Number of protein chains: 2
Amino acid sequence: MTEPKTPDAAAPTGPAKKHPRDGKPHATIYDIARVAGVNPSTVSRALSKPGRVSAKTQKLIEDAAAELNYQVNPFARALPTGRTNTFGLIVADITNPTFFDIIRGAQTTATVRDYTLVLAESAESGATELTAARRMMATVDGLILASPRMDDDDIRVLARDKPVVVINREVDGVPCVVPDVHKGISEAVRSLAANGHTKVAFVAGPQQSWMSARRWEGVQAACEWSRLEAVRLESTKPTVDGGRQVARDVRASGATAVLTYNDLLAIGLMQELQAAGMVVPDQISIVGFDDIFGADFTTPPLTTVRSPLGECGSGAATLLLDLLHGTGDPAATLRVETELVLRGSSGRLLPAG
Amino acid sequence: MTEPKTPDAAAPTGPAKKHPRDGKPHATIYDIARVAGVNPSTVSRALSKPGRVSAKTQKLIEDAAAELNYQVNPFARALPTGRTNTFGLIVADITNPTFFDIIRGAQTTATVRDYTLVLAESAESGATELTAARRMMATVDGLILASPRMDDDDIRVLARDKPVVVINREVDGVPCVVPDVHKGISEAVRSLAANGHTKVAFVAGPQQSWMSARRWEGVQAACEWSRLEAVRLESTKPTVDGGRQVARDVRASGATAVLTYNDLLAIGLMQELQAAGMVVPDQISIVGFDDIFGADFTTPPLTTVRSPLGECGSGAATLLLDLLHGTGDPAATLRVETELVLRGSSGRLLPAG
DNA sequence: CAATTTTTGGCAACCGGTTGACAAACGCCC
DNA sequence: GGGCGTTTGTCAACCGGTTGCCAAAAATTG
């Protein structure tokens, strides 16, 4: 490049390769071997293969390691073995609180099982997601995809390389964690029917969302069973803002109860309807999905079909870790139960007046 | 351990070392070298040192790499160089939405600058935090500590090893990103004074929280300036639940306006006071801190002193990355501005009646 | 006490890149 | 065409662990 040639002017603070920043380089197994008076390979075994060396040398080595306060170099270990004790989690959108709980669940399980979590997001784009996934694949032992936007086939290709677990979607041949919408939705619809509602609107989520399709199916089925009329409305995006925007369609639909693809839509919708002077739930009932953080901050607090998101995250992590350790079914689907959380935003319809 | 001795029963699916799961092992620079008819080191240079090889061989090598769809092995690269293109972020509590925005900001910046973010949490414990930090240090190029709970000295020790940036706290000699509470708080207190309040309570956060101390100082100073009385109340924990618990102390204090250490406390407090029949803001004004996600879901929506958390996250990441690339001041403090977000939970005190 | 089995530790190759030193090849000028 | 400086590519050592194989040492047995 355009660098001056004077060699001694090159390194200002001179971060000599190995020395992290200041003083001494980190201790290696060779240092330990020297201190303990044994061979490096013996140190390696003492530190990773329990029972392979005699108790005496074990102690010798451990003492030396402690003295030098040795820490394994994860890269040196990963290079020959391929194991990193790390797994990746890719979410569609970090902005979306749905994923907060999933992240938390996965993170917790990771820590407990002595793994490290690496996080990435796909910005709701299948292409970005695939890129992120590919990049991650190189550094992790396995991957969790939460609400993936990429094709089934892409997922399967990834899964051939290393264990992959999918959340909120079912992909043939890949282990999945999916909330079973049935119970929660039928509870919700039955509750609405019992409160005198006859026409229910469903505000759908993104087109590519597998989950949105399942929820609409569930709503249709439950409405049919309870002999309610169900109409589907589209949203522009699955956010609070999207909820506000769909408000006029909701009013135009003539439905007296609304289920939305997720809580954010429900919250935005409720805000907009209230701003227009409607009273919730007297004039319209609103039911969300997921029971995200903050769903009970609203007035009235939001009735919602709870998906145990934290459980999804930790369940997926457990599935993955089991897979990594050889136990666990490589094509198991973990179904978690949904349930209605009845709060104030749904209830009996008051006669107009 | 208690493992059976039969050696051939050990590997059920027998994952042959290198082969990820199924077929062929990944391509290496040696493979590329063979295909392109050059030396491996030439391949290495072509792929990482732009301009070091001739355009002709460059192309030759790139084609071969594309054909074999080569991906560098990050471990092999990290081993000699020590660089990983990864940095860590440790937050006190993933449950706490304050950190959501910080995570998001950091993550975004990381992606833009082609870094990977590794996440960990400390469960609000200084000891856990230090352990997590130590563990991470080995695998990352740098570290961001958000609202750290460990000692200043521990932080400085870490910072000697690799670049560290701290959010929400000031540590001498370590680059920090801190919201400057002054502007936001004085706006808030002035607004309260203008609305006829004379006695203000501050609900404090965790003892070890540097930020809580700064906020209390800020409130005291601003109250003095506006000639309001300020009292300090303690909370058990900085959560919605903690907010509920502190409600009786708040009533007992006789204050007509409350500032809380964070929004969660404010939300919990408001819920509890409303449940007890008090009207917000007619009987009591409530002001939170941070403007977290969901702060505007409440009724009335929460007035709060906004800290630009996303900006903190991205700012810290930028600081760190600059440090890693040699630019950037190793002891700079980035101050971000706070501001009052006036919503419905604060206002004029109505005469009792 | 010798013979045999089991432990235990050492040797050396390997994982897949990076990099300093050096030599061959090249372009340029007189 | 010889002398000189610059590219460009090669060699070989190295990063720090892991692991198969073997021999020495220790424990067990007849």
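In this text, all values refer to a predicted model and were calculated from it rather than measured experimentally. Proteins come first, then strands; the chains are lettered A, B, ... in the order of their sequence lines, and each starts at number 1. Just the heavy atoms: all of them, side chains too, but no hydrogens, waters or symmetry mates, feed the values below.
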- Query: Base, sugar-phosphate alone, or nothing: which one does Val43(B) contact when heavy atoms must sit under 4.0 Å apart?
  - Reply: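 If one applies the 4.0 Å heavy-atom cut-off, Val43(B) turns out to touch nothing in the nucleic acid.
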
Name the closest nucleotide to the [X] side chain, picking from [options].
X: Asn73(B); options: dG16(C), dG10(C), dT18(D); value: dG16(C)
X: Asn39(A); options: dT18(C), dG9(C), dC11(C); value: dC11(C)
X: Pro80(B); options: dC15(C), dC15(D), dG17(D); value: dC15(D)
X: Arg45(B); options: dG20(D), dC11(D), dG17(D); value: dC11(D)
X: Tyr70(B); options: dT18(C), dG17(C), dG9(C); value: dG17(C)
X: Ser54(B); options: dG16(C), dT8(D), dA21(C); value: dT8(D)

Within this structure, what is the [atom1]-to-[atom2] distance between [X] and [N], rounded to whole angstrom?
X: Leu47(B); N: dT18(C); atom1: CG; atom2: P; result: 8 Å
X: Arg52(A); N: dG17(D); atom1: CZ; atom2: P; result: 19 Å
X: Phe75(A); N: dC14(C); atom1: CZ; atom2: P; result: 25 Å
X: Leu79(A); N: dC14(C); atom1: CG; atom2: C1'; result: 9 Å
X: Ile61(A); N: dG17(D); atom1: CD1; atom2: P; result: 13 Å
X: Arg83(A); N: dG16(D); atom1: CZ; atom2: C1'; result: 15 Å
X: Ile32(B); N: dT18(C); atom1: CD1; atom2: P; result: 11 Å
X: Asn85(B); N: dT18(C); atom1: CG; atom2: C1'; result: 15 Å

- Message: Please find the pair of heavy atoms, one from Arg77(A) and one from Ser48(A), that lie closest to each other, and give the distance.
- Response: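 Shortest heavy-atom separation between Arg77(A) and Ser48(A) comes out as NH2-CB, 4.2 Å.
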
- Query: Between Ser147(B) and Asn168(B), what is the shortest heavy-atom contact and its length?
  - Reply: OG-ND2, 3.2 Å

If the cut-off is 4.0 Å, is [X] near the phosphate of [N], judged by side-chain N/O to OP1 or OP2?
X: Tyr30(B); N: dC14(C); answer: no
X: Ser44(B); N: dT18(C); answer: yes
X: Ser41(A); N: dG9(C); answer: no
X: Lys49(B); N: dT19(C); answer: yes
X: Thr57(A); N: dG9(C); answer: yes

- Assign each of Ala27(A) and Pro40(B) the nucleotide of DNA chain D bearing its closest heavy atom; nearer the 5' end lies the nucleotide of Pro40(B)

- Message: To the closest 0.5 Å, what do you measure between CG (Asp152(A)) and CD (Glu170(A))?
- Response: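 Spacing of CG (Asp152(A)) from CD (Glu170(A)) equals 10.0 Å.
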
- Are any of the side-chain nitrogens in Asp154(A) or Arg134(A) under 4.0 Å away from the carboxylate oxygens of its partner? no

- Task: Look at Asp114(A) together with Arg135(B) and state whether they make a salt bridge at an N to O cut-off of under 4.0 Å.
- Result: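 So Asp114(A) pairs with Arg135(B) through a salt bridge.
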
- Below 3.5 Å, does any donor atom in the side chain of Thr28(B) face an acceptor in the base of dC15(C), or the other way round?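 Such a pair does not exist between side chain and base.
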
- Task: Go through the N and O atoms of the side chain of Thr81(B) and the base of dC15(D), and report whether any donor-acceptor pair is under 3.5 Å.
- Result: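 Absent.
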
- Item | Within-4.5 Å side-chain heavy-atom neighbours: Val164(B) and Leu145(B) |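 SC-SC contact between Val164(B) and Leu145(B) confirmed.
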
